[in-house]
Amino acid sequence: MPELPEVETVRRGLEQHVVGRTIDSVRVLHPRAVRRHLAGTADFETALAGRSLDSARRRGKYLWLSVGEDGLLAHLGMTGQLLAVEPQAPLSPHVRIQFAFKDEGPDLRFTDQRTFGHMCLVPDGAELPAPIAHIAPDPFEPSFDPVTLTRRLHQRHTGVKRALLDQSLVSGIGNIYADEALWRAGLHWARPTETLNGPEVSRLLTAVREVLGEALAAGGTTFDDMYVNVDGESGYFERSLAVYGREDEPCLRCGTPVRRDPFMNRSAYSCPRCQPRPRRAHW
DNA sequence: GCTTGCGCCTGAATGC
DNA sequence: TGCATTCAGGCGCAAG
C-alpha cells in the first residue's frame, strides 16, 4: 500500500527517469483516473503535450511533477503505480494513463487496478498545489512542527490511530505504519488523544519516524505486488512488520498473540500486553 | 467546527 | 463446481 515510504521511493524513481524530459503525447485510457482534473479528459491530454517536467516533489502520500507554472499531481490510492516502460511494450490491463516522450525513451504509465488513485494538472502554488493545501507536513519535512502537532492532538477528541491517519494533522501515515508505530510506542490505537502526555507523544513521533525511515530504506512494503517502484520492483519491508497482518502470531517483544480489532471498516493490529486497552477509549 | 461513516473499485479469498 | 459475499484501503464528502 502506498504510504510515505512507497511514495517517496516512486518520487525518486520519477526524478531519475522522467524529470528533464518533454512529453510528446498523453493518452487517458480510463476517465476515472483523471476525475479530479475538472477541465476533463481531453483537456488533460492536450494541456500536457509538449510540456517539460522540471522536478518531482512530494508531501505525505501526494507527489507532483512541476510543469512550468503548473503541477502534475498524482495520488496512488490503494493500487496505483507509476512505471517507466519501453514504448513498444504492450499495455498491461490496468494502465489508465500513458505518457509518451519526445525523446522516444521509456513511457510513463499510470497503472491502477482499483482506480482509487488519480492524476490532475493544477496550478502549482508557492509551496503546494492548491488541491493539497490542507495536507499537513509529513514528519521528514523541515516545516514539520512537533509542538504544533502535540497541541492539536490535545485539542482533538478522538483515538490516536484515527489522528495518525488524518492527513491534515500529520501526513504520510496509513494503516500499516500507524499500527507499527503504535506497537513500537506501546500505545493502544483507541487511546484518546487528549490524554496523551508529553513523553508519550514524543515516543510516538520517534516511533513514526523510525518506522517510516526503515521502510523507506527497505524500498517500502509490498503486498501481492500491489506496490512496486518505477522500475517495477517490490519493496521488502513486509518481512519487518511487527503486528500488521500478523493476527494470532506471537508479538515480537513478549510472545502474546497479536490481536486484530475491527476499526473504521478495516483492521487495527496490536499486542494486548504491550498495548493495553485504555479504560476510556475512542473507537 | 469537529467527528464519524459511507461510497468509490477490483480481485482474491472465503462461504454455502 | 459455481455463484455470492466479504475484505482490503485512501480520500472526499455528507451527515450527525
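The analysis underlying the following values was restricted to heavy atoms, covering all of them including side chains, and did not include hydrogens, waters or symmetry mates. Computed from a predicted model, the values in this text were never measured in an experiment. Residue numbering restarts at 1 for every chain, and letters A, B, ... go by the order of the sequence lines.
For the OP1/OP2 pair of C/dG12 and a distance below 4.0 Å, the side-chain nitrogens and oxygens of A/H134 include at least one atom meeting the criterion. Applying the 4.0 Å criterion to OP1 and OP2 of C/dG12, one finds that A/Y62 has a side-chain N or O inside that range. Between A/S267 and C/dC7 there is no side-chain N or O to OP1 or OP2 distance below 4.0 Å.
At the heavy-atom level, A/N265 lies under 4.0 Å from the strands shown only through sugar-phosphate atoms. Residue-level contact check: A/R96 touches neither bases nor backbone, having no heavy atom under 4.0 Å from any strand. Among the heavy atoms of the strands lying under 4.0 Å from A/H75 are primed sugar atoms or P, OP1, OP2 only; no base atom is included. A/F263 comes within 4.0 angstrom of no nucleic acid atom, judged by non-hydrogen atoms across all strands. Using a 4.0 Å heavy-atom distance criterion, A/H30 is classed as making no nucleic acid contact.
Look at CG on A/D179: it is 12 Å from P on C/dA8, rounded to the nearest Å. Between the CZ atom of A/R246 and the P atom of C/dA8 there is a distance of 17 Å, rounded to whole Å. Rounded to an integer number of Å, the gap from A/R32 CZ to B/dC9 C1' is 6 Å. Summarising the geometry, the separation between CZ on A/R266 and P on B/dC8 is reported as 16 Å, rounded to the nearest angstrom. To the nearest angstrom, C1' of B/dC9 lies 9 Å from CG of A/D112. Look at CD on A/Q113: it is 18 Å from P on C/dC7, rounded to the nearest Å. The distance from atom CZ of A/F116 to atom C1' of C/dC7 is 12 Å, rounded to the nearest whole Å. Taking atom CE of A/M264 as the reference point, atom P of B/dT4 lies 9 Å away to the nearest angstrom.
Within 6.0 Å of the CZ atom in A/R273, the count of heavy atoms belonging to other residues, nucleotides or ligands does not exceed 12.
Of the residues in residues 144-171 of chain A, those lying under 4.0 Å from DNA chain C by heavy-atom distance are A/Q167.
Looking at heavy atoms from C-beta onward, A/L164 lies out of side-chain contact with A/L169 at the 4.5 angstrom threshold. Residues A/V95 and A/D112 form no side-chain contact, since every pair of their non-hydrogen atoms from C-beta on lies 4.5 Å or further apart. The shortest distance between side-chain heavy atoms of A/W183 and A/V258 does not fall below 4.5 Å. Residues A/R27 and A/I97 have side chains not in contact (no heavy-atom distance under 4.5 Å, counting atoms from C-beta outward). Between A/V211 and A/R184, some side-chain heavy-atom pair lies under the 4.5 Å cut-off. Residues A/L187 and A/R203 form a side-chain contact, since some pair of their non-hydrogen atoms from C-beta on lies under 4.5 Å apart. A/V28 is listed as a side-chain neighbour of A/F44, based on a closest heavy-atom distance under 4.5 Å.
A/E194 places no side-chain N or O within 3.5 Å of a backbone atom of A/L153 that could act as its donor or acceptor partner.
Distance from the side chain of A/R114 is smallest to B/dT10 among C/dG10, C/dG12, B/dT10.
Applying the salt bridge (charged side-chain N to carboxylate O under 4.0 Å, His left out) test to residues at least two apart or on different chains, the pairs with a partner in residues 134-157 of chain A are A/R58-A/D138, A/R59-A/E141, A/R156-A/D166. Sequence neighbours left out, the pairs with a member in residues 68-92 of chain A that pass salt bridge (charged side-chain N to carboxylate O under 4.0 Å, His left out) are A/R51-A/D70.
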Provide a list of protein-nucleic acid N or O atom pairs under 3.5 angstrom, restricted to nucleotides 13-15 of chain C.
none

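By the ring-ring contact (aromatic ring centres under 6.0 Å, His included) test, A/Y269 is found to be paired with A/Y244, residues two or more places apart in sequence or in another chain being considered.
With pairs defined as Watson-Crick or G-U wobble and both atom distances under 3.5 Å, the stems of at least three pairs that touch DNA chain C come out as B:2-16 with C:2-16.
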